[in-house]
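Scroll down for the structure; my scribbles are underneath it.
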Amino acid sequence: MTRILITSALPYINGAKHLGNLVGSMLPADVYARYMRARGHNVLYICATDEHGTPAELAAREAGQTVEEYCAEQHAIQKEIGAGFNLSFDHFGRSSGPENARLTQHFAARLEANGFIDERTDKQVYSIEDQRFLPDRYVEGTCPHCGYDKARGDQCDNCGRLLDPTDLKEPYSSISGSKNLELKETKHLYLLLEKMQDPVTAWFEAKTDFPALTQAITRKWLKEGLRDRSITRDLYWGVKVLKDGAPRAGFENKVFYVWFDAPIAYIAATEAWAGEAPEGEMRDWRSWWRLDEGAQDVRYVQFMGKDNVAFHTVTFPGAILGSEEPWKTVDALKTLNWLNWYGGKFSTSQKRGIFMDRALDLLPADYWRWYLMANAPESDDVSFTFEHFSSVVNKDLADVLGNFVNRITRFCVSKFGAETPSDGAYGTAEADLVKDLENRISAYTAALEAMEFRKAFAELRGIWVVGNEYLQVAAPWTAFKTDPSAAAASVRAGLNLVVLFAILSRPVIPASAAKILAAFDLSNDDVPAWPETGGSLLTLLKGGESFNPPDVLFKKIDDEQLAKWRIEFGAPEIDGENAG
RNA sequence: GGCGGGGUAGCUCAGUUGGUGAGAGCGCAGGAUUCAUAACCCUGAGGUCGGGAGUUCAAAUCUCCCCCCCGCUACCA
């Protein structure tokens with residue numbers, strides 16, 4: 001048994017997350033966590049809302065709430081939606097919690113004591129009307145290169161050139177539209193990453209489990225040379241900057257930069273998890289994070305979208321190494337690409353695409369979980385369309401899996417009654433079936449171990465298909481007329497397949513798997529956590545077990561529904577008639 | 001602009017230490033079947049592997065040039 005620590009990138013607090021966010025980190029992490037638990041490992045899956053920063057303050061203002069109220073409310077919403085998707089977090093915390101403030105301040109103090117932090121003075125755009133400093137992208141104006149009049153201070157969306165806010169002509173605040181801006185001096189703490197080049201490089205080179213994309217991105221940063229980076233901001237909402245336990249002189253109205261405290265929240269949320277231990281349960285968060293307190297045997301796996309690799313492989317490790325304390329760092333990383341909305345982008349700010357809360361209004365979580373994982377954007381961006389989604393759901397879930405369960409249970413009831421038939425013995429057909437299944441299960445297992453999710457679920461689907469193929473060949477409906485006991489054995493094998501499919505499918509469609517098991521009056525504890533090979537795959541039900549054929553497991557999505565959703569969500573037209 | 005990733009069948013994607021006729025699922029066509037959610041099962045058609053040039057006995061795979069999409073580019077998170 002290994003202890004496996006899993007974190008998924010922290011979802012930002014400003015509203016429900018869309019399907020791209022879900023499949024980019026939280027869902028694959030959940031599937032992996034469920035699989036590893038099934039293999040008997042001691043898994044701790046930690047996530048939290050990422051609450052600090054300018055967008056949270058602005059979103060709160062727009063909602064007419066204080067930022068504290070806004071975040072508390074949004075956190076509760078995200079937590080509830082996560083539960084709706086059956087995301088099996090051991091703890092879903094908040095980066096704004098007291099543990100994170102303490103830990104962030106602790107890391108900053110250690111870094112400063114070790115000579116990795118400096119105070120420096122910058123000049124930055126200040127909006128007099130908004131009474132705040134503006135991050136580069138909140139300054140807009142006319143691009144000096146192409147004349148586009150809505151260029152942002154960091155980059156022009158029209159010509160793609162990188163900009164400095166002071167390059168813009170006719171600059172204005174994108175928050176209020178005010179042109180009453182000035183360049184004002186402000187003091188910030190800098191993390192001296194330049195001095196950390198060698199330790200970070202050495203740390204990275206020792207990592208063997210990083211996928212190619214992650215390595216490429218990290219190498220690029222290291223190759224160009226790390227640059228010192230400011231880790232404070234002129235904001236109200238964030239972790240306060242202290243010096244020797246008191247507000248730091250000159251930093252009374254500043255907080256740590258959200259990207260400094262957010263990764264630390266992985267640790268802080270673990271501490272919060274321990275703090276919520278039910279009576280009688282011991283939870284030692286430090287044994288998961290401190291190499292000197294038991295974490296040397298922990299395997300730490302992170303899940304994230306491709307956009308924030310560098311924060312996890314360069315700046316966060318830099319902060320940890322710079323503390324010169326024995327903290328656990330990441331062992332393996334799973335990086336995902338984007339899910340697109342009809343070839344374009346899902347957008348939180350423009351409310352384009354499908355968001356987690358709305359998705360659950362349309363269909364139960366398992367429909368989405370299966371589609372997203374079986375089509376996960378692993379090697380490249382993937383385009384979501386309702387057409388593709390419905391074809392996957394109808395075919396894989398309804399026709400291949402759901403119909404299998406339905407056909408064998410209903411046939412059994414009509415010919416043998418609602419209990420597993422005991423007659424007849426397994427023959428060569430069943431022996432071949434078991435052999436085939438064992439090979440396929442081993443391929444499925446290997447893919448899950450490697451976090452190759454598309455491959456894994458193509459294998460799982462193949463296993464479901466094998467069930468249908470077996471029934472086709474065994475044809476108990478024909479055999480029943482001449483050799484009822486042979487038919488009984490086939491039906492028993494078929495019913496065992498149903499249970500096997502449920503066990504194997506639990507990581508990805510846990511609710512449906514539980515529904516199948518419940519039809520056989522089985523709970524998770526009554527069946528092996530993971531199938532045991534060695535020829536025993538079809539022997540769990542021995543005959544005489546009663547069951548209730550489950551209702552239709554997965555309803556198909558019909559054309560009428562599809563058309564309605566297309567309109568409701570403003571789906572673009574697509575070319576061709578049978579796309580998907 | 002720089003760096004990285006990607007471009008393979010109508011759709012969504014596998015496939016690179018160069019090598020027997022380029023794969024899967026969906027969609028499409030035909031067949032078989034009737035236990036089942038008009039489901040399942042079998043067979044088949046369909047691709048000059050983004051474009052061009054080159055290296056090689058041999059290129060989806062290696063080299064060079066070009067086009068398109070995505071990410072990063074250190075103050076969005």
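A, B, ... follow the sequence lines: proteins, then strands. Residue 1 opens every chain.
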Legend entry - Under 4.0 Å protein heavy-atom contact, by nucleotide of nucleotides 36-46 of chain B - B base, S sugar-phosphate only: BB-SBSS----
Legend entry - Spacing between A:Glu57 atom CD and B:A77 atom P, to the nearest angstrom: 10 Å
Legend entry - Between A:Tyr266 and A:His312, ring centroids under 6.0 Å: yes
Legend entry - Under 4.0 angstrom between A:Tyr371 side-chain N/O and B:U12 OP1 or OP2: no
Inset, instruction - Sticking with atom P, work out how far B:C66 lies from B:G1, rounded to a whole angstrom. - result: 11 Å
Legend entry - Separation of the C1' atoms in B:U34 and B:A45, to the nearest angstrom: 27 Å
Inset, instruction - Return the orientation label for the A:Phe416 and A:Phe411 ring planes: parallel under 30°, perpendicular over 60°, tilted otherwise. - result: perpendicular
Legend entry - C1' atoms of B:C72 and B:G25, separation to the nearest Å: 33 Å
Inset, instruction - Quick one: label A:Thr478 by what it contacts on the DNA or RNA (base, sugar-phosphate, nothing), any heavy atom closer than 4.0 Å. - result: nothing
Legend entry - Spacing of the C1' atoms in B:G15 and B:A59 (rounded, Å): 14 Å
Inset, instruction - Look at the side chain of A:Lys345 and decide which nucleotide, out of B:A77, B:U73, B:C70, has an atom nearest to it. - result: B:C70
Legend entry - B:G71 and B:A24, which share atom name C1', separated by this distance in whole Å: 28 Å
Inset, instruction - May I ask you to say what A:Trp221 touches in the nucleic acid, namely base, sugar-phosphate or nothing, with a heavy-atom cut-off under 4.0 Å? - result: base
Legend entry - Rounded distance (Å) that lies between atom C1' of B:G71 and atom NE2 of A:His312: 16 Å
Inset, instruction - Just say parallel, tilted or perpendicular for the rings of A:Phe453 and A:Phe457, cut-offs at 30° and 60°. - result: parallel
Inset, instruction - Name the nucleic acid region contacted by A:Arg152, choosing base, sugar-phosphate or nothing; use a 4.0 angstrom heavy-atom cut-off, strictly under. - result: nothing
Legend entry - Whole-Å gap separating P (B:U8) and CG (A:Asp380): 9 Å
Inset, instruction - Could you tell me whether the side chains of A:Lys556 and A:Asn394 share a donor-acceptor contact shorter than 3.5 Å? - result: no
Legend entry - Length of the line joining A:Phe457:CZ and B:C26:C1', which is rounded to integer Å: 19 Å
Legend entry - Separation between the C1' atoms of B:G31 and B:C70, rounded to whole Å: 44 Å
Legend entry - A:Arg454 side-chain N/O to B:A24 phosphate OP1/OP2 under 4.0 Å: no
Inset, instruction - Determine: side-chain N/O of A:Lys481 to OP1/OP2 of B:U34, distance under 4.0 Å, yes or no. - result: no
Inset, instruction - Describe the nucleic acid contact of A:Glu378 in one word from base, sugar-phosphate, nothing, applying a heavy-atom distance below 4.0 Å. - result: nothing
Inset, instruction - Check the side chains of A:Tyr70 and A:Glu57 for a donor-acceptor pair under 3.5 angstrom, ignoring hydrogens and angles. - result: no
Legend entry - A:Glu224 (side chain) and B:U73 (base): donor-acceptor pair under 3.5 Å: no
Inset, instruction - Would you mind pulling out the nucleotide paired to B:C72, Watson-Crick or G-U wobble, both distances under 3.5 Å? - result: B:G2
Legend entry - Polar contact flag, side-chain donor to acceptor under 3.5 angstrom, A:Tyr12-A:Gln74: no
Legend entry - Separation of B:A74 P from A:Asp154 CG (nearest whole Å): 9 Å
Inset, instruction - Give none if B:A22 has no partner; otherwise give the nucleotide forming a Watson-Crick or G-U wobble pair with it, both distances under 3.5 Å. - result: none
Legend entry - Base partner of B:A60, which must satisfy Watson-Crick or wobble distances under 3.5 Å: none
Legend entry - Pair A:Asp381 + A:Lys306: basic N to acidic O under 4.0 Å: yes
Inset, instruction - Starting from the C-alpha separation in whole Å, work towards a yes-or-no answer on ring pair (Phe, Tyr, Trp, His ring centres under 6.0 Å) for A:His18 and A:Phe384. - result: CA-CA 12 Å; A:His18 54 62; A:Phe384 175 94; over 10 Å; no
Inset, instruction - Determine the contact category for A:Pro55: base if any of its heavy atoms lies under 4.0 Å from a base atom, sugar-phosphate if only primed atoms, P, OP1 or OP2 are that close, otherwise nothing. - result: sugar-phosphate
Inset, instruction - Return the nearest nucleotide to the side chain of A:Leu226; candidates are B:A74, B:A77, B:U73. - result: B:A74
Legend entry - Donor-acceptor side-chain pairing of A:Thr166 and A:Lys123 below 3.5 angstrom: no
Inset, instruction - Assign each of A:Arg227 and A:Ala458 to its nearest nucleotide of RNA chain B by heavy atoms, then name whichever residue's nucleotide is nearer the 5' end. - result: A:Ala458
Legend entry - Pairwise C1' distance, B:A58 and B:C65 [rounded to whole Å]: 24 Å
Inset, instruction - State whether the distance check finds a donor on one side and an acceptor on the other, under 3.5 Å, for side chain A:Gln124 versus base B:C75. - result: yes
Legend entry - A:Asp157/A:Arg152 salt bridge by N-O under 4.0 Å criterion: yes
Legend entry - Shortest side-chain distance from A:Leu162, nucleotide among B:A77, B:G6, B:U73: B:U73
Inset, instruction - Classify the nucleic acid contact of A:Asn14 as base, sugar-phosphate or nothing, counting any heavy atom under 4.0 Å across all strands shown. - result: nothing
Legend entry - Spacing between A:Asp157 atom CG and B:C70 atom P, to the nearest angstrom: 11 Å
Inset, instruction - Would you mind checking if A:Lys195 and A:Asp228 are paired as a salt bridge, meaning a charged N to carboxylate O distance below 4.0 Å? - result: no
Inset, instruction - Between B:C70, B:U73, B:C75, spot the one nearest the side chain of A:Asp381, thanks. - result: B:C70
Legend entry - Assigned partner base of B:C40, Watson-Crick or wobble definition, under 3.5 Å: none
Inset, instruction - Indicate, with a heavy-atom threshold strictly under 4.0 Å, whether A:Gly225 touches base, sugar-phosphate, or nothing. - result: base
Legend entry - Mate of B:G46 where both pairing distances stay under 3.5 Å, Watson-Crick or G-U: none
Inset, instruction - Provide the distance between the two C1' atoms, one in B:G54 and one in B:C69, to the nearest whole Å. - result: 27 Å
Inset, instruction - Can you tell me the distance, in whole Å, between the CG atom of A:Asp396 and the P atom of B:C13? - result: 15 Å
Inset, instruction - With heavy atoms under 4.0 Å as the rule, sort A:Phe311 into base, sugar-phosphate or nothing. - result: base
Inset, instruction - Look at all strands and tell whether A:Ser414 reaches a base, only sugar-phosphate, or nothing, counting heavy atoms closer than 4.0 Å. - result: nothing
Inset, instruction - Whole angstrom is fine here: how far is it from CD in A:Gln155 over to C1' in B:G1? - result: 11 Å
